[in-house]
Colleague: 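Here's a structure for you.
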Amino acid sequence: MKNAKNFYINGAWVSPSQPNDFDVINPSTEEVCETISLGSEADTNAAVAAARASFEAWSQTDKSERIALLKVLSEVYNDRAEEMAQAISLEMGAPQDLARAQQVGAGSWHLGGFLKAMEKFEFDQKFTETEMTLREPIGVCALITPWNWPMNQIVLKVVPALAVGCTTVLKPSEISPLSGILFADFIHEAGFPAGVFNMVNGDGPGVGSQLSAHPEVDMVSFTGSSRAGKLISVAAAETLKRVSLELGGKGANIIFADADEKAVKSGVVRCFRNTGQSCNAPTRMLVERSRYDEAVEQATEMANATVVGPASEEGKHIGPLVSEAQFDKVQGLIEQGIKEGARLVAGGPGRPENLNRGYYCRPTVFADVTPEMEIYKQEIFGPVLSIMPFDDEAHAIALANDTPYGLTNYIQTSDTEKRRRVARRVRSGMVETNGSGFAQGSPFGGYKQSGNGREGGLFGLEEFCEVKAVSAWND
């Protein structure tokens, strides 16, 4: 890939201040597919300095000018969508269909949502007859994104920050950096002013920590694990910068006895999507007891029918896990589930029989899972589903809320009033009901250890703004 070892700083591709090669592994083959450079503190400082120097001018541009540039970016993004799909498929193992329709599609979807939101976003609002409330860009923003949904998260951070007038430094995941490098090239092609967007590759302990603690960074927006989110919060505390976090999840999928007959099967598909590597995956399936045995059978059937294969292949299948470390983690938790007495009804340890190389995991279903088990508590981040019965509505709510996370819960029932009651009671930032997805611009974010702040649409724009009250505006 062109510029694989370079960083994008102050409107140009530049070499690292010192060599620090890092191999990117194709998870389908376990082979090196590219070599990037990890940044040093000098590279971080250069990127932040460029963002700081460009902030004053960029923050004062007219809203229409920023919208116009974002529209050009949208055109570039859509024109080069296939390049992006292939980069994502190669770096993190998304199969072709998923890479094109959902991985790349998420970026264009959110970009379109922000453009619509910007058209009606009011930076200046009258509070009283004489007082005005101003929304102003917070400043220089460090944007640290994950490997599992690269474009989803890069667009959810970069676009709203630029839209409201912030300047940015992006650190993509070093595990899946190719899409971030390509996105920087899209920004360059779209013609954004120098220094407004910068990108430095690096790992969490290096560039990630440097950005989090940097005195010239006004805000950090991070998506990743809850463990890393806590470390970033501590690092940022010294300068009291704003920290927005989108972290882990352990979503409950509550299936009542009167749910649609496809509820279980669709829940399994949703859990295994992206090889289970989604923070909002419904990984705990809670089924009303009268339907429980049937649900276990259906989930077993769906898991056994799930095809696993290389990301380079076309067709409806799931790909590998992203890395050896992730493979080892998931395998360890599957073994733990067996050891703790959960009933293994599909899948299990090891690779699928037809695959002996690559980080492939067998689609796995555990039944009779209890709250004491690690597979109930931990975010596994693999194609592993835990099923357990509940007795009544109150029991279902208690189980759903029995987790330190609170990102997304799911409810399946034909009873509208019950669905609304339960949606109010479960402690999560999002509640998907009866398989209906969220609208463009809907707020994405969680409660508890799933983080703070919201991404997407008007909510995402507000996230990167400060609010200023001005009295006697009309005097």
Side-chain angles (χ1 to χ4, degrees), residues 27-28 70-118 143 145-160 162-163 170 172-173 176-187 189-190 223 246 249 266 269-282 309-320 322 383 407-408 430 432 435-445 454-457 459-460:
S28 293
L70 289 173
K71 286 181 176 177
V72 176
L73 176 62
S74 180
E75 292 171 2
V76 173
Y77 186 97
N78 291 328
D79 288 345
R80 299 178 65 180
E82 183 61 19
E83 287 179 69
M84 184 62 76
Q86 294 311 313
I88 293 173
S89 182
L90 183 67
E91 69 186 358
M92 58 78 59
Q96 296 291 300
D97 286 0
L98 180 76
R100 294 187 183 110
Q102 296 183 42
Q103 289 279 2
V104 175
S108 55
W109 169 259
H110 291 308
L111 219 168
F114 285 124
L115 282 169
K116 291 177 183 176
M118 272 294 283
L143 312 174
T145 56
W147 49 258
N148 60 323
W149 287 92
M151 275 305 103
N152 185 74
Q153 292 306 132
I154 286 176
V155 170
L156 278 173
K157 297 183 190 302
V158 173
V159 171
L162 296 180
L170 171 68
S173 169
S176 59
L178 307 183
S179 52
I181 295 169
L182 195 57
F183 185 82
D185 197 47
F186 292 0
I187 289 275
E189 183 177 337
T223 297
E246 196 277 286
S266 64
V269 171
R270 184 69 179 77
C271 177
F272 290 169
R273 187 178 74 171
N274 205 39
T275 317
Q277 299 170 125
S278 300
C279 51
N280 60 349
S312 58
E313 293 183 359
E314 304 282 350
K316 301 292 184 183
H317 64 283
I318 65 173
V322 74
L407 188 58
T408 312
M430 297 168 287
E432 184 177 304
S436 181
F438 295 103
Q440 193 175 43
S442 179
F444 188 100
R454 293 295 181 269
E455 296 181 318
F459 298 88

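Numbering of residues begins at 1 and proceeds along the displayed sequence.
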Colleague: Is there a side-chain contact between Val155 and Trp109 in this structure, where contact means two heavy atoms from C-beta onward sitting under 4.5 Å apart?
Modeller: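 No, every pair of side-chain atoms sits at 4.5 Å or beyond.
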
Colleague: Just so I know, are the side chains of Thr223 and Asn152 near enough to count as touching, which here means a heavy-atom distance under 4.5 Å?
Modeller: no

Colleague: If you take all heavy atoms of Ala99 and Ala85, which pair is closest and at what distance?
Modeller: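 Ala99 and Ala85 have their closest heavy atoms at CB-O, 3.6 Å.
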
Colleague: What do the steps show when you test Glu91 against Ser179 for side-chain hydrogen bond (donor to acceptor under 3.5 Å, both in side chains), and what is the final call?
Modeller: CA-CA 8 Å; Glu91 69 186 358; Ser179 52; 2.7 Å; yes

Colleague: How far does OG of Ser442 sit from CE of Met430, to the nearest 0.5 angstrom?
Modeller: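 With rounding to 0.5 Å, OG (Ser442) is 8.0 Å from CE (Met430).
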
Colleague: Is the shortest heavy-atom distance from the side chain of Leu156 to the side chain of Glu246 under 4.5 Å?
Modeller: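 When only atoms from C-beta onward are counted, Glu246 and Leu156 do not touch, as no gap falls below 4.5 Å.
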
Colleague: Measure the CG-OG distance between Leu90 and Ser176 for me, rounded to the nearest 0.5 Å.
Modeller: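 Rounded to the nearest 0.5 Å, the CG-OG separation comes out at 11.0 Å.
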
Colleague: With the side chain counted from C-beta on, respond yes when Asp97 and Glu314 share a heavy-atom pair under 4.5 Å apart, and no when they do not.
Modeller: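 Yes, side chains in contact.
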
Colleague: Hey, does Val104 have a side-chain heavy atom less than 4.5 Å from the side chain of Tyr77?
Modeller: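 A side-chain contact exists here, since the closest heavy-atom pair is under 4.5 Å.
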
Colleague: Can you tell me how far CE of Met151 sits from CE of Met84, rounded to the nearest 0.5 angstrom?
Modeller: 4.0 Å

Colleague: How long is the straight-line distance from CG of Asn148 back to OG1 of Thr275, given to the nearest 0.5 Å?
Modeller: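 So the gap between those two atoms works out to 10.5 Å.
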
Colleague: How about Arg273 and Gln102: do any of their side-chain heavy atoms sit closer than 4.5 Å?
Modeller: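 Touching, per the 4.5 Å side-chain cut-off.
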
Colleague: What closest approach, in Å, do Gly319 and Pro95 show between heavy atoms, and which atom pair accounts for it?
Modeller: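 Looking at all heavy atoms of both residues, the shortest contact is N-CG, 3.5 Å.
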
Colleague: Listed by chain and number, what are the ring-ring contact (aromatic ring centres under 6.0 Å, His included) partners of Trp147, not counting sequence neighbours?
Modeller: Phe381

Colleague: Distance from Ile154 atom CD1 to Leu170 atom CG, nearest 0.5 Å?
Modeller: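 Rounded to the nearest 0.5 Å, the CD1-CG separation comes out at 5.0 Å.
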
Colleague: Which residues pass the side chain to side chain donor-acceptor pair (under 3.5 Å) test with Gln96, sequence neighbours left out?
Modeller: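 If we apply the side chain to side chain donor-acceptor pair (under 3.5 Å) test to Gln96, skipping adjacent residues, the hits are Gln86, Ser89, Arg100.
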
Colleague: Strictly distance-based, threshold 3.5 Å: is any side-chain N or O of Ser28 a donor or acceptor partner for the main-chain N or O of Ala311?
Modeller: yes

Colleague: Can you tell me how far apart CD1 (Ile88) and CG (Leu98) are? Round to the nearest 0.5 Å.
Modeller: 9.0 Å

